[in-house]
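Following: one structure in structure tokens, then a few remarks.
Order of the sequence lines fixes the chain letters, A, B, ..., with proteins taken first and strands second; residue numbering starts at 1 for each chain.
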4 protein chains.
Amino acid sequence: MASERREHLVRLAAELFAQKGFQATTVRNIADEAGILSGSLYHHFDSKESIVDEILSGFFDEIMASYRAAIDRGQGPRETIAALVRAAFDTLEPHRAAITVMQNDWSYLRGMERFAYLTKAEDEIEEMWAGTIRQGQRQGLFRADIDATLTYRMVRDTIWMAVRWYRPGSGLDPKTLAEHYLKVMFDGINIH
Amino acid sequence: MASERREHLVRLAAELFAQKGFQATTVRNIADEAGILSGSLYHHFDSKESIVDEILSGFFDEIMASYRAAIDRGQGPRETIAALVRAAFDTLEPHRAAITVMQNDWSYLRGMERFAYLTKAEDEIEEMWAGTIRQGQRQGLFRADIDATLTYRMVRDTIWMAVRWYRPGSGLDPKTLAEHYLKVMFDGINIH
Amino acid sequence: MASERREHLVRLAAELFAQKGFQATTVRNIADEAGILSGSLYHHFDSKESIVDEILSGFFDEIMASYRAAIDRGQGPRETIAALVRAAFDTLEPHRAAITVMQNDWSYLRGMERFAYLTKAEDEIEEMWAGTIRQGQRQGLFRADIDATLTYRMVRDTIWMAVRWYRPGSGLDPKTLAEHYLKVMFDGINIH
Amino acid sequence: MASERREHLVRLAAELFAQKGFQATTVRNIADEAGILSGSLYHHFDSKESIVDEILSGFFDEIMASYRAAIDRGQGPRETIAALVRAAFDTLEPHRAAITVMQNDWSYLRGMERFAYLTKAEDEIEEMWAGTIRQGQRQGLFRADIDATLTYRMVRDTIWMAVRWYRPGSGLDPKTLAEHYLKVMFDGINIH
DNA sequence: AATGAATGAGACTTCATTCAT
DNA sequence: CATGAATGAAGTCTCATTCAT
């Protein structure tokens, strides 16, 4: 089922979707890249949508698993948040294309029944993060005068947006980015 | 030049582009919204691109002016950064559609010669922000162990992404968001 | 009726039709050239076709008159043919645009009911020329082994086609062209 | 590359372009003639232009080869000119459609970058013919008081224009036309 | 006379998808 | 597994023309 050929095609498609956007990438673009004719792609997939579905669901499955593991480790809120941030940044490299598609074509894909699961996953994730932040506030670790959900969204957006300018092998690896981000997030840029 | 009719059409188009994306919005969608035939739009604009151009350049012109004013006020780095953050959040409401388009269709539009000016403006803006941060570091106001450019990008992304979930009249107005963001940015979420 | 303004517009249109072809010239091209809006042209003409009609019928009226005068002068066949050739070349300058349109858009315009008169005029003209040639053959002035109609057509095509490369003020004026052509036509390029 | 299907479509298109003109022929006309939908044509060709390109370049390639062969045979100027005239008339039947398009849509096509090669080929051809005429003048075979280029143009125009009225199977075949034309061209219509 | 807005028909082209071979 | 041909729907844009002002 998940033959090597098929996976190869998915990877090619993912790269193109990331570069040009889902809509702007034609089935023919993908086929050209693979050196076959566009009609031949339909031996492997039943639609263009099913390709992007495969790309996105693969990513979401993995990030959800990572997040759950971080939560289930049962550490303190500060450590859990750090683990979540690191887990997110860790996907930047292996799932660069998927994240890019998610960011760029979100508003288009969200509108489709087929991708309702994306919104559901998002909600679940929001609850994990915001819950952890609120826990930290109750324990007196995080300031009480910030809004947990708002803060989560800002963190989330910042991380995923990094995919737009992050280039592998440019000195800044995802681990460094994660630590940098944690620093600012926990303590701000001010010197006290 | 900018007749009332024309401006009205631009506003309608902006709203649709923001809702469905530039590519997914058809010229007919816009015309329908305006109650005219699609061909009639070409009495006012040369092309679909020229409409989005008008939307984006209007936004960029204004934000650049605000940023320059904040810089030129010649206050300290902390006040200047705060002013920049507030200026950005202040555009959230009047330019919601333009910002959404910029965020969602960036990768598509960037590829086009016509929109090269967007990248140029972005570079100029990056220099304003990062320069101010570096100034603050030299003056011992901001931590030396953060990367100015990286920090700017994170801030920028966070602000513009707000457009994806921000809904006017939902209690959280842009001013509140700006102050919230400044708090986290300057001092972090930790309690020291 | 034939106001100066109107004639001016016809001249502008003729020039454009000659340059780009009737179909490729838009009503807006003409209006632009005149410095007005395309709709305003309809104050002067009821259609694009009526403009080209005016251009062509003006030319045909004149050439028919010239030809008839040449025939009616009642000279010998050789002089009459020379007079016809000269009459044709004489229109090259004043009716350059009309001739160009006739040549380039002939096949398109011929298909239209409105321009049936063009074909009728052509037939009448063919009869004048071919008749004169045949007369010359009967009088032993022209070779008997050439086809009168065929010869006429070759002459006609050659003359009108000159409009494609003839440029006023390039040394070769229409009178010179006519004499050159008559030389070749009467005696050939051989030296006997 | 040049599949049978494709060649068939090109032939259909050529016929239509010849009948109605390039601009007046719609892509749908061609598709209708072929019994397919207009969009399906784009499986075979990139554009309407590329179809006419194929038609014209096919013709030009062949005529250039014929002309070069006539020149390279190294005969005297009189024989060479006769060979050129015959070569041209010989294309009348097999390339009737292409020649018609070239004649009728010349001014439109010439304006396009893509068809710059047409003008270049024309220049090369002019040089072949005019060169041969001049050679004949130097050898005392052709009259010195005619302009070589001018004469070439008149001959060329006459030959190609024949396509407008020539109908295969009407008694006058291209070979007869060629001999008729050579007679007039070499010796004129006068009896000396 | 001219403007400004719009119509309506139709042009070329794109593209996801299907299917017989 | 892949090709080659085609479909069918839709998209952007053009343009002659109309008409109230």
### Message
Expected output is a numbered-order residue list: members of residues 13-21 of chain C with a heavy atom under 4.0 Å from any atom of DNA chain E. What is it?
### Response
none
My understanding is that only residues two or more places apart in sequence, or in another chain, count here; which of them pass side chain to side chain contact (heavy atoms under 4.5 Å, CB included) with [X]?
X      : result
D:E62  : D:H95
C:R164 : C:N104, C:M161, D:Q103, D:W106, D:R164
C:K20  : C:A24, C:T25, C:N29

### Query
Within the side chain of D:R28, is there an N or O that forms a donor-acceptor pair under 3.5 Å with the backbone of D:S38?
no
Could I get the full list of salt bridge (Lys or Arg N to Asp or Glu O under 4.0 Å) partners for [X], not counting sequence neighbours?
X      : value
D:R114 : D:E49, D:D53
B:E15  : B:R96
A:E122 : A:R156

### Message
According to ring-ring contact (aromatic ring centres under 6.0 Å, His included), does anything in residues 18-37 of chain B pair up with another residue at least two apart or in another chain? List the pairs.
### Response
B:F17-B:F22
### Bracket notation of DNA chain E in which parentheses pair within the strand, [ ] cross earlier pairs, and | pairs with another strand (Watson-Crick or G-U, under 3.5 Å)
.||||||||||||||||||||
### Task
Would you mind listing every salt bridge (charged side-chain N to carboxylate O under 4.0 Å, His left out) that reaches into residues 36-46 of chain D, with sequence neighbours excluded?
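For residues 36-46 of chain D, and leaving out neighbouring residues, there are no salt bridge (charged side-chain N to carboxylate O under 4.0 Å, His left out) pairs at all.
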### Message
Taking the nucleotide of DNA chain E with the nearest heavy atom to each, does B:R5 or C:R5 sit closer to the 5' end?
### Response
C:R5
### Query
Hey, does A:L37 reach any base, or is it just sugar-phosphate, or nothing, if we go heavy atoms under 4.0 Å?
base
### Task
Could you tell me the separation between the CG atom of A:D105 and the OG1 atom of A:T100, rounded to the nearest 0.5 Å?
9.5 Å
### Steps toward side-chain contact (heavy atoms from CB on, under 4.5 Å) verdict (C:L118, C:R110)
CA-CA 7 Å; C:L118 292 177; C:R110 181 180 41 189; over 6 Å; no
### Residue met sooner reading DNA chain F from 5', once A:I36 and B:N29 are mapped to nucleotides
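Its nucleotide being nearer the 5' end, the pick is A:I36.
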### Close side-chain approach of D:V101 to D:F59, heavy-atom, < 4.5 Å
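No, too far: nothing below the 4.5 Å cut-off.
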Protein-nucleotides 13-16 of chain F N/O pairs under 3.5 Å:
| from | atom 1 | to | atom 2 | distance (Å) |
| --- | --- | --- | --- | --- |
| F:dC13 | OP2 | B:Y42 | OH | 2.4 |
| F:dC13 | OP2 | B:K48 | N | 2.9 |
| F:dC13 | O5' | B:Y42 | OH | 3.3 |
| F:dA16 | OP1 | C:K48 | NZ | 3.2 |
| F:dA16 | OP2 | C:V27 | N | 2.7 |

### DNA chain E: 5'-most and 3'-most nucleotides touching chain C, 4.0 angstrom heavy-atom criterion
E:dA1 to E:dG4
### Message
Check the phosphate of F:dA2 against A:H44, side-chain N and O only, distance under 4.0 Å to OP1 or OP2. Yes or no?
### Response
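For A:H44, the contact criterion (side-chain N or O under 4.0 Å from OP1 or OP2 of F:dA2) is met.
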### Task
Going by the side-chain contact (heavy atoms from CB on, under 4.5 Å) test, name the single residue among B:I30, B:T26, B:D32 that passes it with B:L16.
B:I30
